[in-house]
Amino acid sequence: MIPDKISKAFNDQIQHEFYSAYLYLSMAAWFETEGLEGMGRYMRVQAMEEMTHAMKFFDHILERGAEPELLAIKKPQVKWDSPLAAFENALAHEEFISGKINDLMTLSIAENDHASRTMLQWFVDEQVEEEDTASKSVYNVKMIGDGGQGLLMLDREFGSRVFKIPLSPEFGNPAG
Ligand code: FEO
């Protein structure tokens, strides 16, 4: 059985992960209305990945005999001043999420909950990758600047990102 404190904190994290999906989907909508389809696609893929993160917490709570509680998700920002501002927002958001994952790890150690600790290790590693990817995106957009042909070329590159369906059922893959 999952300790109450952990299950409650995981419910909060489900909310954070779905909010992340909302934020990135909102960025996708903004990019696409700005004519940057590649960056829009990139953010759509990011949003789908965030949903798999939420499902990992959802499934973990269920597997350990408790019931996940879905909390309200607030409306995300809908406009950004520039592509750079959006990518900087994404990086700041990933840093915020890393802080949340670290707090969860600290809690699982304090509660002596090794099952949670093992599950959370995946997220600790994932956040290193998430921050690295987001900061490289910020760097690339900064290098190009906010307008012109360079931005369109970079947009095409962002558009090559594809969503890989996670193979493990614990990632919320119904076919897994
Ligand atoms: Fe689920 Fe991008 O952190």
Side-chain angles (χ1 to χ4, degrees), residues 2 6-32 36 38-64 68-78 80 83-108 115-141 157-174 176:
I2 190 165
I6 302 268
S7 152
K8 193 175 171 319
F10 279 9
N11 281 326
D12 290 340
Q13 193 60 29
I14 291 172
Q15 184 188 39
H16 294 314
E17 300 291 346
F18 274 121
Y19 175 75
S20 304
Y22 246 37
L23 176 65
Y24 294 134
L25 203 53
S26 184
M27 286 182 184
W30 180 75
F31 276 125
E32 290 179 31
L36 293 165
M39 291 179 186
R41 179 185 170 87
Y42 179 92
M43 288 300 175
R44 281 177 189 242
V45 172
Q46 187 63 34
M48 285 162 87
E49 283 192 3
E50 297 301 347
M51 286 188 262
T52 69
H53 295 173
M55 292 310 295
K56 189 165 168 61
F57 284 102
F58 181 92
D59 287 341
H60 186 85
I61 294 170
L62 276 173
E63 279 164 12
R64 297 187 64 202
E69 186 186 348
L70 298 178
L71 306 170
I73 302 166
K74 68 176 186 203
K75 183 179 175 177
Q77 188 174 334
V78 294
W80 287 265
L84 179 60
F87 281 104
E88 283 177 335
N89 187 174
L91 174 58
H93 183 69
E94 288 304 328
E95 288 167 349
F96 165 78
I97 293 292
S98 296
K100 292 290 172 196
I101 297 293
N102 281 343
D103 291 347
L104 291 177
M105 185 59 109
T106 303
L107 179 66
S108 74
S116 292
R117 197 185 48 73
T118 307
M119 195 276 275
L120 285 166
Q121 187 58 50
W122 183 89
F123 280 96
V124 170
D125 298 339
E126 173 70 7
Q127 280 312 119
V128 172
E129 203 184 305
E130 292 273 73
E131 281 191 38
D132 183 46
T133 307
S135 75
K136 280 178 182 150
S137 299
V138 167
Y139 177 80
N140 287 338
V141 176
E157 201 179 307
F158 272 106
S160 63
R161 184 176 184 187
V162 289
F163 177 64
K164 295 184 188 82
I165 297 171
L167 294 175
S168 163
E170 63 198 5
F171 284 85
N173 174 20

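Every number for a ligand or one of its atoms is a count from 1 in the order of the listing.
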Q: Report the C-alpha distance between His60 and Glu63 in whole Å, list the side-chain angles of each, state the deciding distance to 0.1 Å, and finish with yes or no for side-chain hydrogen bond (donor to acceptor under 3.5 Å, both in side chains).
A: CA-CA 5 Å; His60 186 85; Glu63 279 164 12; 4.8 Å; no

Q: Under the side chain to side chain contact (heavy atoms under 4.5 Å, CB included) rule, collect the residues that match up with Phe58, sequence neighbours excluded.
A: Ile14, Met55, Leu62, Pro68, Leu70

Q: Using the test side chain to side chain contact (heavy atoms under 4.5 Å, CB included), find all partners of Met48 that sit at least two apart in sequence or belong to another chain.
A: Met51, Phe163

Q. Hey, do the aromatic rings of Phe57 and Phe123 have their centres closer than 6.0 Å?
A. yes

Q. How many N, O or S atoms of the protein are nearer than 2.8 Å to atom 2 (Fe) of ligand 1?
A. 4

Q. By side chain to side chain contact (heavy atoms under 4.5 Å, CB included), which residues pair with Glu88, not counting sequence neighbours?
A. Leu84, Val138, Lys142

Q) Hey, what's the ring geometry for His53 with Trp122, parallel, tilted or perpendicular (30° and 60° as the breaks)? A) perpendicular

